[in-house]
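Notes follow the structure.
Model, not experiment: these values are computed from the prediction. We count ligands from 1, going down the list as the structure has it; atoms in each ligand are counted the same way.
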Amino acid sequence: MPKYHIWTIGCQMNKAESERLASRFEELGYEATDKVDEADLIVLNSCVVRQSAENRVVNKLSILKSLKKAKPEITLALTGCLVNADTDRLHRSYPHVDHFFKAGDYPPWLEKPDALSLPHHPSPTAFVTIIQGCDNFCSYCIVPYRRGRERSRPIPEIAGEVRELVRRGAKEVTLLGQNVDSYGHDLPDRPDLADLLAELDEIDGLVRLRFLTNHPKDMSLKLIEAIARLDKVCEMISLPVQAGSDEILRVMKRGYTVAQYRELVGQIREKIPTVAVSTDIIVGFPSESENQFRQTLDLLSETKFDTVHIAAYSPRTGTAAARDFEDDIPSDEKKGRLKKAELLQEKIQTEINARLLDKTMEILVEGRNRGKWYGRTRTDKLVFFSSDKDYHGQLVKIRIEKTSPWSLQGKI
Ligand code: SAH
Ligand code: SF4
């Protein structure tokens with residue numbers, strides 16, 4: 001049996017797309033291997049959202065160059081956000097790569113399946129892409145250039161896929177898109193995310209629904225009310241703010257002010273009192289002053305997010321920010337700001353999670369790691385517990401006995 005190996009970095013969409021590719025390869029008679037030098041077919045699913053990710057991909061490509069030289073019969077393919085429209089140039093830069101195909105596509109050298117290939121034994125927590133691409137063009141971001149314009153999948157198609165995943169064992173589904181709030185605007189009846197959630201909430205056997213990522217400029221009251229009302233939809237919202245200064249948000253082209261963001265979070269917390277809110281932050285954006293950075297810290301202190309993903313600004317060739325602004329915050333300064341923001345957030349998470357001590361929380365068990373079962377609460381907190389019984393894919397109640405900024409531990 002021929003073997004395939006997929007290497008993936010980057011966002012959940014990349015992970016979901018790699019999973020689909022893996023299923024397709026298996027349908028075509030390939031067997032998975034985690035050893036690169038045993039594989040007949042190697043796919044790299046790349047990310048270039050920041051320079052650090054791009055470096056890892058380029059590094060991996062250069063390692064594979066010698067493997068391809070030693071074994072020219074292997075097939076090497078590259079997908080994900082490194083792949084742009086100029087495949088001729090990619091072929092010149094990476095002559096040892098046989099095929100390039102765009103993120104979310106099927107490689108042209110494989111027969112395209114009639115429907116999406118789904119894993120035969122999905123994890124209890126599965127991912128389903130509902131909208132591809134992005135129309136926003138935030139000034140720093142490469143994603144719209146690599147993933148193209150927004151394309152929503154029709155509700156019946158998504159519902160069919162979710163039903164099938166549930167039939168095969170999935171209990172929780174996370175709906176994915178760069179901006180899930182603009183779901184449906186390009187479909188005939190213009191359904192929105194709230195309509196989609198209402199439809200999926202009816203699916204028997206499905207226990208939980210989540211979705212990522214929301215855009216603050218597009219999140220509607222109708223959606224907030226749907227989250228509050230629908231039983232299966234988890235109390236968790238991922239709402240990237242990116243900066244705490246109006247001027248920086250303006251040059252980032254985010255389309256909202258800090259006051260509007262605060263009001264939105266206030267509304268969400270009023271309608272969904274137990275909600276967990278997470279966000280993304282960029283520090284060291286061109287021209288970000290010490291004072292503007294302080295405003296980001298102030299927003300973190302005041303809002304008290306459950307989790308924050310913090311990144312140092314990295315210019316991406318082809319974006320408006322890389323073209324129009326000088327990358328003028330020195331690298332050491334960016335690192336210092338990153339560290340400060342992370343330390344502050346660690347303190348906040350320590351406090352938030354400490355309040356969960358002695359509480360009993362429902363978790364969906366995803367797997368086992370170093371002798372401990374783990375899973376997540378509806379609010380996306382990672383929880384560990386010990387037991388000799390098999391709890392894979394089950395909902396269990398755990399009494400929390402120990403907390404840290406990153407995870408919780410308890411007893412069943
Ligand atoms: N669609 C989502 C996230 C897309 S990219 C959104 O609108 O927020 C994921 C995260 O990477 C972003 O939230 C941002 O914080 C970070 N990011 C994107 N481009 C970046 C860049 N050029 N430098 C540093 N961080 C970046
Ligand atoms: Fe990038 Fe902005 Fe689109 Fe998110 S919304 S993918 S940050 S352009």
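The side chain of Q242, and not its backbone, has at least one atom closer than 4.0 Å to an atom of ligand 1 (non-hydrogen atoms only; side chain from C-beta on). When heavy-atom distances to ligand 1 are checked against a 4.0 Å cut-off, V49 comes that close through both its backbone and its side chain. Under 4.0 angstrom from ligand 2, the non-hydrogen atoms of Y140 all belong to its side chain.
Contact of the L209 side chain with the V162 side chain is not registered, since no non-hydrogen atoms from C-beta on lie closer than 4.5 Å.
Ion pairing of E164 with R167 is present here, as a side-chain N (NZ or NE/NH1/NH2) and a carboxylate O approach within less than 4.0 Å. Taking 4.0 Å as the cut-off between side-chain N and carboxylate O, D181 and K217 do not count as a salt-bridged pair. Here D135 pairs with R149 in a salt bridge; the nearest charged N to carboxylate O distance falls below 4.0 Å. Classification of E17 and R147 as a salt-bridged pair holds, one side-chain N sitting under 4.0 Å from a carboxylate O.
Near D280, the atoms of ligand 1 lying under 4.0 angstrom from a non-hydrogen atom of the residue are 9 (C), 10 (C), 12 (C), 13 (O), 15 (O). Listed by number with element, the atoms of ligand 2 under 4.0 angstrom from any heavy atom of P144 are 8 (S). Interface atoms of ligand 2 facing F137, defined by a heavy-atom separation under 4.0 Å, are 8 (S). If you number the atoms of ligand 1 from 1 as listed, the ones under 4.0 Å from a heavy atom of R50 come out as 11 (O), 16 (C), 17 (N), 23 (N), 24 (C), 25 (N), 26 (C). Annotation for ligand 1: atoms under 4.0 Å from non-hydrogen atoms of A311 are 25 (N). Close contacts between ligand 1 and R316 involve ligand atoms 22 (N) [criterion: under 4.0 Å to a heavy atom]. Those atoms of ligand 1 with a heavy atom of P240 less than 4.0 angstrom away are 6 (C), 8 (O).
More than 12 heavy atoms of other residues, nucleotides or ligands sit less than 6.0 Å from atom CD of E346. Other residues, nucleotides and ligands contribute over 12 non-hydrogen atoms within 6.0 Å of the CG atom of D324. Atom NZ of K222 has more than 12 heavy atoms from other residues, nucleotides or ligands within 6.0 Å.
Between R254 and ligand 1 there is a heavy-atom distance shorter than 4.0 Å. Residue contacts with ligand 2 include R254, since one of its heavy atoms falls under 4.0 Å from the ligand. Ligand 1 lies less than 4.0 angstrom from a heavy atom belonging to A312.
Of the candidates C141, C138, C134, it is C138 that places a heavy atom closest to atom 2 (Fe) of ligand 2. Counting only non-hydrogen atoms, the option in C134, C81, S314 that gets closest to atom 22 (N) of ligand 1 is S314.
If you look at Y183 and F211, their ring centroids are not closer than 6.0 Å. Proximity of the aromatic rings of F137 and Y145 is defined here by a centroid distance below 6.0 angstrom, and this criterion is met.
Atom 2 (Fe) of ligand 2 has no N, O or S atom of H215 under 2.8 Å away, backbone or side chain.
Checking Q345 against Q349 by side-chain atom types alone, a donor-acceptor pair falls below 3.5 Å.
Here the protein heavy atom with the shortest distance to atom 6 (S) of ligand 2 is Q178 OE1, 3.5 Å. Residue, atom and distance of the protein heavy atom nearest to atom 19 (N) of ligand 1 are Y140 CD1, 3.3 Å. Among all protein heavy atoms, the one lying closest to atom 5 (S) of ligand 2 is N136 ND2, 3.5 Å.
In terms of polar-atom proximity, Q178 is counted as a contact of ligand 1, with an N or O under 3.5 Å from an N or O of the ligand.
In terms of modelled atom types and a separation under 3.5 Å, the side chain of Y313 and the main chain of K334 share no donor-acceptor contact.
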